[in-house]
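To start, the structure under review is shown below, and the notes come after it.
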Amino acid sequence: MILVLGGTGEARKLASELTEREVRVVSSLAGRVARPRLPVGEVRVGGFGGVEGLAGWLRENDVRAVVDATHPFAERIGANAAKAAERTGIPLLRLARPGWEAGENDVWHWADNLADAAKKLPDLGKRVFLTSGRQGLPAFAHLDDLWFLIRCVDPPEPPLPRHHELLLARGPYEVDAERALLRGHGVDVLVTKDSGGDLTSAKLTAARELGVPVLLVRRPPRPVTETAETVPEAVEWVLNR
Ligand code: NAP
């Protein structure tokens with residue numbers, strides 16, 4: 001059996017491609033989102049209980065190989081997967097879409113992490129479109145002089161910035177709608193993680209068109225493992241295990 005650590009579009013696509021080729025796949029989700037988009041095939045939900053728990057699960061379930069297709073900012077599970085793979089000797093592939101790259105006319109600024117983004121933000125604008133995800137919001141909660149349009153999938157917990165409007169939505173998003181959103185709210189700076197991929201990149205196009213600067217949070221480091229950038233590469237890797 002192949003374990004796919006999921007929670008991304010790529011993970012769902014991989015589960016579907018492998019199932020089509022009659023490879024048995026179990027997809028694993030953290031259980032953060034109330035109504036997640038489910039991949040085809042078997043799904044398990046919830047943490048494993050750290051490295052020990054994951055290594056035990058891999059052994060008990062006779063896992064042949066693991067694909068870590070989690071989000072680029074899901075740092076802990078990536079580290080746990082690398083350690084558990086090392087402990088059990090089970091092959092591990094990291095499937096990660098490339099980060100976004102600035103094009104002509106993009107006005108991009110980079111932050112090393114969310115705290116750094118919060119520090120840099122007041123110099124860049126006053127009306128912020130914040131798309132850093134629900135778990136990242138507390139880093140901006142103290143910025144009382146700025147106004148935020150906060151977009152996330154599920155309702156966030158406090159602390160939240162004092163002046164904000166909440167928009168609950170899930171991608172993919174279209175450029176026209178993103179442009180209207182930025183214009184309609186008078187947004188003058190966009191904050192995003194460098195998630196990469198097409199599903200949420202429309203906001204970058206809209207920002208470029210409107211001359212709105214973007215503050216991108218750099219990806220956290222991941223352990224060095226075998227890596228694929230695309231689903232077909234990952235399918236190939238699995239079929240060769
Ligand atoms: P994280 O900080 O790396 O993980 C925290 C803990 O959650 C892990 O130690 C693990 O618990 C559990 N976990 C995470 N991913 C799991 C998975 N796929 N299956 C089973 N357990 C998992 O992760 P996160 O940033 O909270 O993200 C959680 C999930 O949301 C990930 O699967 C990721 O792909 C998805 N996601 C994250 C983001 C983001 O920006 N962070 C964006 C979109 C989607 P145990 O130690 O108990 O095993």
Side-chain angles (χ1 to χ4, degrees), residues 7-9 30 32-37 70-75 97-220:
T8 58
R32 295 272 186 285
V33 176
R35 281 178 297 124
R37 289 212 171 95
T70 56
H71 191 271
F73 284 81
E75 221 175 326
R97 54 181 107 129
W100 286 315
E101 279 177 31
E104 223 178 302
N105 301 325
D106 276 319
V107 184
W108 286 11
H109 303 265
W110 288 91
D112 291 335
N113 49 47
L114 291 167
D116 188 34
K119 215 185 286 168
K120 289 177 169 152
L121 195 49
D123 288 335
L124 296 174
K126 283 237 166 274
R127 295 184 63 83
V128 185
F129 184 24
L130 181 56
T131 64
S132 62
R134 187 165 52 113
Q135 295 177 86
L137 300 178
F140 301 91
H142 62 288
L143 296 174
D144 290 345
D145 294 339
L146 309 185
W147 177 89
F148 291 85
L149 174 63
I150 297 173
R151 181 166 70 189
C152 46
V153 177
D154 285 320
E157 304 280 332
L160 298 176
R162 182 183 301 181
H163 308 292
H164 74 264
E165 183 177 327
L166 196 58
L167 180 61
L168 298 182
R170 170 159 30 197
Y173 303 102
E174 303 292 335
V175 177
D176 285 351
E178 298 290 60
R179 198 190 300 110
L181 201 62
L182 292 176
R183 266 211 190 114
H185 290 86
V187 166
D188 58 13
V189 60
L190 161 67
V191 180
T192 177
K193 295 175 180 172
D194 179 19
S195 299
D198 298 335
L199 297 183
T200 58
S201 63
K203 61 191 169 192
L204 299 172
T205 309
R208 179 188 316 131
E209 288 177 6
L210 297 175
V212 169
V214 182
L215 180 56
L216 290 104
V217 181
R218 273 183 228 289
R219 294 178 172 197

Point to revise | Side chain to side chain, Trp110 and Asp194, heavy atoms closer than 4.5 Å | key: yes

**Study point:** Glu209, CD atom: more than 12 neighbouring heavy atoms under 6.0 Å
**Key:** yes

Check your understanding: In Å and rounded to the nearest 0.5 Å, what is the CG to CH2 distance from Asp198 to Trp100?
Key -> 9.5 Å

**Study point:** His164, His163, Arg127, His185 screened by side chain to side chain contact (heavy atoms under 4.5 Å, CB included) with Phe148, the one that passes
**Key:** His164

Review point. What do you reckon, is CG of Asp144 surrounded by more than 12 foreign heavy atoms closer than 6.0 Å?
Key: yes

Exercise for review: Find out whether Val33 and Arg170 are in side-chain contact, i.e. whether some heavy atom of one side chain is under 4.5 Å from a heavy atom of the other.
Suggested key: yes

Review point. Looking only at heavy atoms, what is the nearest atom pair of Leu146 and Leu121, with distance?
Key: CD1-CG, 3.9 Å

Exercise for review: Please tell me if the side chains of Pro155 and Leu168 come closer than 4.5 Å, counting only heavy atoms from C-beta onward.
Suggested key: yes

Revision key, fill the gap. The reported gap from CG in Leu216 to OG in Ser132 (rounded to nearest 0.5 angstrom) is 12.0 Å

**Study point:** Lys126 vs Asp188, side chain to side chain contact (heavy atoms under 4.5 Å, CB included): CA-CA, chis, key distance, verdict
**Key:** CA-CA 7 Å; Lys126 283 237 166 274; Asp188 58 13; 3.9 Å; yes

**Study point:** Salt-bridge criterion met for Glu178 and Arg151 (N-O under 4.0 Å)
**Key:** yes

**Study point:** Between CG on residue Asn113 and NZ on residue Lys119, distance to nearest 0.5 Å
**Key:** 8.0 Å

Review point. Rounded to the nearest 0.5 Å, how far does CG of Leu143 lie from CG of Leu160?
Key: 12.5 Å

Point to revise | Donor-acceptor pair, side chain of Arg97 and main chain of Gly196, under 3.5 angstrom | key: yes

Exercise for review: Show your working on side chain to side chain contact (heavy atoms under 4.5 Å, CB included) between Val217 and Asp116 and close with a plain yes or no.
Suggested key: CA-CA 8 Å; Val217 181; Asp116 188 34; over 6 Å; no

Review point. Which pair of non-hydrogen atoms, one from Val189 and one from Gly125, has the smallest distance, and what is that distance?
Key: CG1-CA, 3.9 Å

Exercise for review: Please examine the side chains of His109 and Val214, heavy atoms only from C-beta on, and report whether any two atoms are closer than 4.5 Å.
Suggested key: no

Check your understanding: Got a sec: does the CD of Glu101 have more than 12 other heavy atoms crowding it under 6.0 Å?
Key -> no

Practice item. Kindly indicate whether the side chain of Arg134, heavy atoms from C-beta on, has any atom under 4.5 Å from the side chain of Arg32. Key: yes

Revision key, fill the gap. Scanning both residues in full, the closest heavy-atom pair of Gly171 with Arg37 reads O-NH2, 3.1 Å

Study note, to complete from the structure: One should read off an interatomic distance between Thr192 OG1 and Leu204 CG, to the nearest 0.5 angstrom, of 6.0 Å

Point to revise | Closest heavy-atom pair and its distance - Pro161, Phe140 | key: CG-O, 3.7 Å

Review point. Do the non-hydrogen side-chain atoms of Lys203 and Thr131 ever get within less than 4.5 Å of each other?
Key: yes

Review point. Does the side chain of Thr200 come within less than 4.5 Å of Tyr173's, by heavy atoms?
Key: yes

Study note, to complete from the structure: Rounding to 0.5 Å, atoms CG (Leu166) and SG (Cys152) come to a distance of 5.5 Å

Exercise for review: Answer yes when Arg218 and Asp112 have at least one side-chain N-carboxylate O distance shorter than 4.0 Å, and no when they do not.
Suggested key: yes

**Study point:** Closest non-hydrogen atom pair, Phe73 against Arg219
**Key:** CZ-CA, 3.6 Å

Check your understanding: How about Leu181 and Leu149: do any of their side-chain heavy atoms sit closer than 4.5 Å?
Key -> yes

Check your understanding: Which heavy atom in Ala207 sits nearest to a heavy atom in Leu190, and how many Å separate them?
Key -> CB-CD2, 4.1 Å

Review point. Just by distance, do the side chain of Asp106 and the backbone of Trp108 share a donor-acceptor pair under 3.5 Å?
Key: no

